Amino acid sequence: MFLVHTFSHAVILAIIITVMAGEKTCDLLGEQGQESPKEQALINRLQPLFNQSFKTESKNDEGDYIYRLRICREVFSNMTNSGLVQINKIDNKQKVIGRINETHLVNGTSWIMLIYQGGDPYDRHCTKEDRKALVMIICNRTTLATGFTMMAEEREKIKQCSYVFELESSLACPPEELHQNVHHHLSIGSVLLIIFSSLIAVYIIGGFLYQRLIVGAKGMEQFPHFAFWQDLGNLVADGCDFMCRSKPQNVPAAYRGVGDDQLGEESEEQDDHLLPM
C-alpha cells in the first residue's frame, strides 16, 4: 500500500514537472545565445507577473472586443505562442495580436515597453502585415500590477501598425536608495544645522550631568558655565538697550541744585546782631 501511494505521488510530481518544463516563455529577437543581456535582465525583472493574466475591453467602429494579456506566457495553449489575444464579443472570433516568441523590450527611468510581434495578419489594413502589440508598463509603487487598458490602435498607416496598451506596475519603478534620497532632500545648510543642533544638545546634556553628578551643583548652577552665560546675557541686554533705547543719552536732571549764585544778597542790617557789643 505504501509503495502504491509513493508511486502515485511520484507520477503526479513528474507530470507537474513535465508541464512546467514544457511551458513556453518569451523568446527575444536575435539568434539563440546572442540575445541582448539588457533585455534578458528586463525579462527577469518582470518574472513576478508571469503567473498573472490581464483582461480589458474596448470598442471601435468595427466591433466590441476583449483583450487578454499574459507576460511571457501563452494566453491560450491551443494558440501557439499567444501573448496577447483579441476576442470579438459578437462572434467570439479570436486573433493573436502578438506572440511571445517574438519579444522585444526597452525601458526608461520609470517605464518598460514590452513589444509582442508576429501576430495574425491584418485582413485589409496596413498592407496585411502581421499585427504587433505595444504594452507600456509604467511605474506605480502601490501595486504589483493593475490598470491594464487599451489605449489606441494605429492601423491607418501603410506599415508598422500597432495596438497600444498600458499596464501599471511597481516593477517598472526605479529602485529607491536611502543615500540618494538624503542627498536629494537635504541641502548643505540643512546638514550643517543638524550637526550644530546635535553639538549643542551634547554640550547641554553632558554639561548638566557633569555639574550635577561630579560637581554636585543644584538648581540653575547645574547649567554648564552658568556664570558665563549669565554675564553674556547681561552684556547682550546692555548692548540692546544701548542700540535700541528711545531716550537721548544725556538727559537733563529733573531738578537744579542750589548754588551760591542763586542765593540772594542779605541785608547788612541782618548782620548787626553778630557785631560785638
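Computed from a predicted structure; not experimentally measured.
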Is the closest side-chain heavy-atom distance between L69 and V75 below 4.5 Å?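 Counting from C-beta outward, L69 and V75 never come under 4.5 Å.
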I need the full list of disulfide bond (SG atoms under 2.5 Å apart) pairs touching residues 55-104, with sequence neighbours left out, sorted by first then second residue.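 The answer is C26-C72.
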Taking [X] for the side chain and [Y] for the main chain, is one N or O donor matched with an acceptor at less than 3.5 Å?
X	Y	value
D120	V96	yes
S170	T143	yes
R70	F54	no
E57	I66	no
S82	M79	yes
R99	N81	no
S162	A133	no

Atom pair [atom1]/[atom2] of [X] and [Y] - distance to nearest 0.5 Å:
X	Y	atom1	atom2	result
L167	L49	CG	CG	7.0 Å
Y65	Y163	OH	OH	7.5 Å
E168	T146	CD	OG1	6.5 Å
I205	I200	CD1	CD1	11.5 Å
T127	I158	OG1	CD1	7.5 Å

Would S53 and R68 satisfy side-chain hydrogen bond (donor to acceptor under 3.5 Å, both in side chains), going step by step from the backbone distance to the final call? CA-CA 7 Å; S53 180; R68 292 188 176 274; 4.6 Å; no
Is the NZ or CZ atom of R131 both under 6.0 Å from the centre of the six-membered ring of Y122 and within 45° of that ring's axis?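 The answer is yes; both the distance and angle limits are met.
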Each residue besides V106 in its hydrophobic cluster should be listed here, by chain and number; the cluster joins Ile, Leu, Val, Met, Phe, Trp and Tyr at side-chain heavy-atom distances under 4.5 Å.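 Under the 4.5 Å side-chain rule, V106 groups with W111, M113, I115, L134, M136, I138, M151, V164.
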Does atom CZ of F76 have more than 12 heavy-atom neighbours, drawn from other residues, nucleotides or ligands, at distances under 6.0 Å?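 Correct, the count exceeds 12.
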If you apply the rule side-chain hydrogen bond (donor to acceptor under 3.5 Å, both in side chains), what do you find for E39 with H104, and how did you get there? CA-CA 7 Å; E39 290 186 77; H104 180 51; 2.9 Å; yes
Using every non-hydrogen atom in the two residues, find where C173 and R45 come nearest and quote the distance to one decimal.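 Smallest interatomic distance, heavy atoms only, reads O-NH2, 3.3 Å.
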May I have the step-by-step check of side-chain hydrogen bond (donor to acceptor under 3.5 Å, both in side chains) for K132 and Q160, ending in yes or no? CA-CA 8 Å; K132 177 173 59 178; Q160 299 299 319; 3.0 Å; yes
